[in-house]
Amino acid sequence: MSLLLDLANSLGSTLRDVVPIVVILVVFQVLVLRQRLPRLKQIITGFVLVVLGLSLFLVGLNDALFPIGETMAAQLTSSSGATNVDQVRWMDYMMVYAFAAAIGFATAVAEPALIAVSMKAQTASGGTIDAWGLRIAVAFGAAIGVSLGCFRIVTGTPLQWYIMGIYIVVMILTIFSNRTIMPLAYDSGGVTTSTVTVPVVAALGLGLASNVPGRSPLVDGFGLIAFTCAFPIMTVLGYSLIVSRLGKKKNDQPGLEE
Amino acid sequence: MTIVFKALARRILNAFRDLAPIIVVIAFFQIVVLQQPFPNLADTLVGLVCVVLGLALFIHGLESGLFPLGEAIAQAFAKKSSVVALLSFAFCLGFGTTVAEPALMAVATEAASVVAQSGHIADNENVRASYAFSLRIVVALSVGTAVVIGVFRILKGWPIHVMIISGYAIVTCLTFLAPREIIGIAYDSGGVTTSTITVPLLTALGVGLASSIRGRNPMVDGFGLIAFASITPMIFVLVYGMVS
């Protein structure tokens, strides 16, 4: 019974999200475009399925995964034994970094927005980009990002230096990258931080910042999402560089198959 | 009937594969590292079934509804060839989907308490609420602007890396000028703005536009709308922090 109630609530909030989109679409359709969309019935059915599916997905996450994830984040972050600022040693939090990397990877793989973009990338590229490979590359980026972001909260080092470092690496990778992969790589950052990742990562950052002595959740708790957003750009650019290098090598070895 | 059933079974299997890492990670840390039993195992299992089914339905709806919709709109605008109409649609879509985004509301509320604690605004309910509200409007405006810039780029075929790296340069300069408390909030606001329904719609719109305009390539020009939507919020929030 409570599940049905949760579902109704979730459906309500998903619908509230969708209303502005539907209003904008209908207004422009009626006032500006004024032509029948093809396959309208199928589109409406699909839209309804998206809303239903997302609501069900969120109910499940809220009932099953988020509570455990949050308790886990709190337990792991409070177990170092340090009681004042001088006792904080970054090595004592190895388990937190490991958990951060694992959960960053896993939430990115499950992120519906990322699934959508990688499906689109596979069809738009005519299959040269593999949807699953792209998602794994993004997930590795998210893993590094969340883990390093936790390290930053523990050590209390300034956020902006990390972000600028990331920007410099992205610029260098951009110089060597192919033009076809760049837009997708830049997109992958914003895509990763969505429904599944943001709540879990935010809970982790908040738990860490309130449990590490000398850190305040209000000042040090921010920044983890920015890290999760920035690293996939690097790993996707890096992944495409590796793939194209490997491809070149294969072509450079003449005569083997002939 | 069997075809439908087979397709559905495949989607559920795929959804299960997508969620397997999360289940493994949580189970591993719970059982091996923290060495605790699962609280309410039955509830957790029911929840997992919901998550798997929900994801399968979502992906199915995506392919049959949201992607074709984005493409159909893109084609309709390309046929109409009114740049003003397209750009105003782009702005409305960016602004409208962001202003009510729950993740953004949460961040805005938290941001208001940070700024109140640092003493930049008075620490009472009304002032904090109005600060959070204007922050939301600022971020929504920034996403609207981002989608406009992104769509305009598709029309013109400008190279994305020059624009994104200029964006990084602006963010870097503003970071030195903005008050310290706002920096973390600004950086995070870039990630929270694009929701699970907006992302596929914008992606389909971008790719659809790039495919219907002659001389544009769906890979080189179609993607990138989300990228702009994750940089402009940083710039706008940093400026907002300096002005207010």
Side-chain angles (χ1 to χ4, degrees), chain A residues 18 20-21 24 28 32-33 35 37-39 42-43 46-47 49-50 52-54 56-57 59-61 63-64 68 72 75 99 102-103 106 109-110 112-113 116-117 120 124-125 159-160 163-164 167 171 174 179-180 182-184 186-187 189-191 193-195 198 218 222-223 225-226 229, chain B residues 18-19 21-22 25-26 29 34 43-44 47-48 50-51 53-55 57-58 60-62 64-66 68-69 72 76 85 89 92-93 96-97 100 103 114 117 160-161 164-165 168 172 175 183-185 187-188 190-192 194 196 199-200 203 207 218-220 222-224 226-227 229-230:
Chain A
V18 172
I21 302 181
I24 293 164
F28 274 85
V32 182
L33 294 174
Q35 46 181 295
L37 291 177
R39 291 180 292 169
Q42 185 205 330
I43 285 177
F47 213 98
L49 281 181
V50 161
L52 264 180
L54 196 58
L56 204 59
F57 184 72
V59 167
L61 283 182
D63 281 5
I68 303 179
M72 207 169 267
Q75 280 173 339
F99 176 71
I103 204 77
V109 170
V117 169
K120 201 78 207 169
S125 70
L159 175 65
Q160 53 269 41
I163 297 291
M164 282 166 203
Y167 284 172
M171 286 181 206
T174 298
R179 267 190 72 186
T180 47
M182 283 176 200
L184 187 62
Y186 296 144
D187 267 0
V191 168
T193 46
S194 210
T195 329
V198 169
L218 287 178
F222 285 101
I225 294 172
C229 204
Chain B
D18 295 334
L19 291 157
I22 274 205
V25 167
I26 289 196
F29 274 85
L34 297 169
D43 280 3
T44 308
L48 280 179
C50 290
V51 174
L53 272 181
L55 190 58
L57 285 179
F58 175 82
H60 187 76
L62 208 62
S64 65
L66 227 46
L69 178 65
F89 174 74
C92 290
L93 201 60
T97 52
V114 176
Q117 264 199 357
I160 191 167
H161 55 282
I164 295 289
I165 288 172
Y168 286 167
T172 307
T175 301
I183 292 174
I185 301 162
Y187 286 171
D188 271 4
V192 295
T194 41
T196 307
V199 166
T203 307
V207 173
M219 282 308 291
V220 176
F223 290 89
I226 318 288
S230 24

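All figures in this text were calculated on a predicted structure; none of them were measured in a lab. Letters go in sequence order (proteins before strands), and every chain restarts at 1.
- Top candidate by heavy-atom pairs under 4.5 Å with chain B, chosen from A:Val191, A:Val59, A:Leu52, is A:Val191.
- Annotation: maximal heavy-atom pairing with chain A below 4.5 Å, among B:Gly222, B:Gly190, B:Gly224, B:Ala85, occurs at B:Gly224.
- The distance from the CD1 atom of A:Ile21 to the CG atom of B:Leu69 is 9.5 Å, given to the nearest 0.5 Å.
- Side-chain contact between A:Asp63 and B:Asp43 is absent, with no heavy-atom pair separated by less than 4.5 Å.
- Within the 4.5 angstrom heavy-atom criterion, only side-chain atoms of B:Thr175, from C-beta onward, approach chain A.
- Proximity to chain A (any heavy atom under 4.5 Å) is shown, for B:Ala229, by neither the backbone nor the side chain.
- The greatest number of non-hydrogen atom pairs below 4.5 Å with chain B, out of A:Pro20, A:Cys229, A:Gly46, A:Ala110, is found for A:Gly46.
- Contact of B:Ser230 with chain A is made through the side chain alone, with heavy-atom distances under 4.5 Å.
- The distance from atom CD1 of A:Ile225 to atom CD1 of B:Ile185, rounded to the nearest 0.5 Å, is 12.0 Å.
- When A:Ile43, A:Asp187, A:Ile68 are compared by the number of non-hydrogen pairs under 4.5 Å with chain B, A:Asp187 comes out ahead.
- When every heavy atom of B:Tyr187 is checked against every heavy atom of A:Gln160, the shortest pair comes out as OH-CB, 3.8 Å.
- The most heavy-atom pairs under 4.5 Å with chain A, out of B:Thr196, B:Leu48, B:Val199, B:Val207, come from B:Thr196.
- Closest of all the heavy-atom pairs between B:Gly61 and A:Val50 is C-CG2, 3.4 Å.
- Side-chain contact between A:Leu49 and B:Leu62 is absent, with no heavy atoms from C-beta onward closer than 4.5 Å.
- Across B:Pro21 and A:Val109, no two heavy atoms sit closer than the pair CG-CG1, 4.0 Å.
- Contact count versus chain A (heavy atoms, under 4.5 Å) is highest, among B:Leu53, B:Leu19, B:Thr203, B:Ile165, for B:Ile165.
- Below 30°, between 30° and 60°, or above 60°: for A:Phe28 and B:Phe89 the angle between ring planes is above 60°, a perpendicular geometry.
- Only the side chain of A:Met164 has a heavy atom closer than 4.5 Å to any heavy atom of chain B.
- When heavy atoms are compared at a cutoff of 4.5 Å, A:Phe47 approaches chain B by way of both its backbone and its side chain.
- The candidate from A:Ala106, A:Ser125, A:Ala113 with the greatest count of non-hydrogen atom pairs under 4.5 Å with chain B is A:Ala106.
- For a residue to count as touching a neighbouring chain, one of its non-hydrogen atoms must lie under 4.5 Å from one of that chain's; by this rule B:Ile164 touches chain A with the side chain only.
- In this structure, chain B has a heavy atom under 4.5 Å from the side chain of A:Ile163, while its backbone stays farther away.
- Between the side chain of B:Asp188 and the backbone N or O of A:Ala226 there is at least one donor-acceptor pair closer than 3.5 Å.
- Ranked by non-hydrogen atom pairs under 4.5 Å with chain B, the options A:Met72, A:Arg39, A:Arg179 are led by A:Met72.
- Using a 4.5 Å cut-off on side-chain heavy atoms (C-beta onward), B:Ile160 and A:Tyr186 make contact.
- The residue among B:Pro68, B:Ala76, B:Pro200 with the most heavy atom pairs within less than 4.5 Å of chain A is B:Ala76.
- Taking every heavy atom of both residues into account, B:Gly47 and A:Ala64 meet most closely at CA-CB, 3.7 Å.
- Looking at A:Thr174, only its side chain comes within 4.5 Å of chain B, counting heavy atoms on both sides.
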